[in-house]
Asker: 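Got a structure here, written out as structure tokens. Questions coming.
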Protein chains: 2
Amino acid sequence: MQSILEYQDFYNLLTGRTPQAFNRVLNKNFRQNGVELTKEQWSILAVLWENDGCSQQYLADKSFRDRPSVTRLIDNMEKDGLVDRKPDVNDRRSNLIFLTKKGKQIQEKVMNLVNATVEESIKGISVENIVTVKEVFHKIYQNLEVK
Amino acid sequence: MQSILEYQDFYNLLTGRTPQAFNRVLNKNFRQNGVELTKEQWSILAVLWENDGCSQQYLADKSFRDRPSVTRLIDNMEKDGLVDRKPDVNDRRSNLIFLTKKGKQIQEKVMNLVNATVEESIKGISVENIVTVKEVFHKIYQNLEVK
DNA sequence: AAACAATTGTTGTTACAACAACAAAAGTAA
DNA sequence: TTACTTTTGTTGTTGTAACAACAATTGTTT
């Protein structure tokens, strides 16, 4: 890391074309298979499939979003019939979010598409190198969070 | 990569909390130092600092955005007095984008902030591991682009 | 030259991110 | 209990992404 260009390269590495390409291909795979989900909606569903009936705050923590973002995602997903909001009788500040029948039924199809996209993307990459990427990103995250 | 959870982990790795954290810290560093730029505007300026007076299509290619996104970024940056649009006399379909005095003057300050943020983020990570991340991302990009 | 195709930029629409400000409810301390 | 603080969710605003559709211009083919 010496020149200005290399710093810009590193920025592009982290936030640039590869994550965008992955998102684009995932979206395309969704659409081509009749799955009308945004990648953000998928990331919320993935949390619910593991823990149905959790709060919006929990969804925000698990999906690395802030509360306003989750509020609006749930708004749209409720309109699309994927989830229902139910008030928490034990804490009236809180809503509990439940999968609808539709939200449950699409799990297998969606996860197959996600798995296929991930497998396609990491073809020819060794497990050691994937582990290294995970470790580097974890370290970067820690470096930035300490602040 | 065996279970559903690990695939989701990989998705989060690529598009998740670490890139978001980097963007958040970079934005914070901009604001705390009186630089009123979005990270997207910065990525456009970085291209112009290397090649002032290029077309919007060129900016789109270099910053990995589509044409509509660049149109609106330039709209906003023109309002903010960072760049000027000038018609290309040799090709009347095309605009040439030029840095204003303001757009040139902030280069040093902005690049110092970007460099500091990158350095902070990669503290304690070996050059070999950073190279591995670059290679893995390049391979992923190729895997997805072939499609 | 004329017809067709490709390129460049714009506009419209929908969806999301980030941040600030806020209200309601719950928790805590006096 | 009352007053203060924290938590949870919502709304407002601005900025961007992705995609479709389009106009103007340029390039290509015949």
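The sequence lines fix the lettering, A, B, ..., with proteins before strands; numbering per chain opens at 1.
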Asker: Is the distance from OP1 or OP2 of D:dT7 to the nearest side-chain N or O of A:Gln56 less than 4.0 Å?
Answerer: no
Asker: Is the phosphate of C:dA15, meaning OP1 or OP2, less than 4.0 Å from a side-chain N or O of A:Thr38?
Answerer: no
Asker: Using a cut-off of strictly less than 4.0 Å between a heavy atom of the residue and any atom of DNA chain D, enumerate the qualifying residues of residues 76-85 of chain A by number.
Answerer: A:Arg85
Asker: Indicate whether the side chain of B:Asn129 and that of B:Thr132 have a donor and an acceptor atom separated by less than 3.5 Å.
Answerer: no
Asker: For A:Ser94, report the nucleic acid contact type (base, sugar-phosphate, nothing); a contact means any heavy atom under 4.0 Å.
Answerer: sugar-phosphate
Asker: What is the distance, to the nearest angstrom, from the CD atom on B:Glu36 to the P atom on C:dC19?
Answerer: 14 Å
Asker: Is it true that a side-chain atom of A:Gln56 and a backbone atom of A:Asn95 form a donor plus acceptor pair closer than 3.5 Å?
Answerer: no
Asker: Taking atom P of C:dC16 as reference, at what distance in whole Å does atom CG of A:Asp75 sit?
Answerer: 10 Å
Asker: Could you run down nucleotides 17-27 of chain D 5' to 3' and tag each one B, S or - for protein heavy-atom contact under 4.0 Å?
Answerer: SBBB----BS-
Asker: Does one hydrophobic cluster hold both A:Val35 and A:Val114, with members joined at side-chain heavy-atom distances below 4.5 Å?
Answerer: yes
Asker: Could you tell me whether the side chain of B:Ser55 and the main chain of B:Leu96 form a donor-acceptor pair under 3.5 Å?
Answerer: no
Asker: Report yes or no: do A:Asp61 and A:Gln57 form a side-chain donor-acceptor pair below 3.5 Å?
Answerer: yes
Asker: Find out if a path of hydrophobic residues (ILVMFWY) with successive side-chain heavy-atom gaps under 4.5 Å connects A:Val25 to A:Leu113.
Answerer: yes
Asker: How long is the line joining CG of A:Leu96 and P of D:dG9, in whole Å?
Answerer: 8 Å
Asker: Could you check if a side-chain atom of A:Glu120 sits within less than 4.5 angstrom of a side-chain atom of A:Phe22, using non-hydrogen atoms only?
Answerer: no
Asker: Atom CG of B:Leu37 to atom P of D:dT14: distance rounded to whole Å?
Answerer: 19 Å
Asker: Under 4.5 Å between side-chain heavy atoms, counting indirect links through other Ile/Leu/Val/Met/Phe/Trp/Tyr residues: same cluster for B:Ile130 and B:Phe137 or not?
Answerer: yes
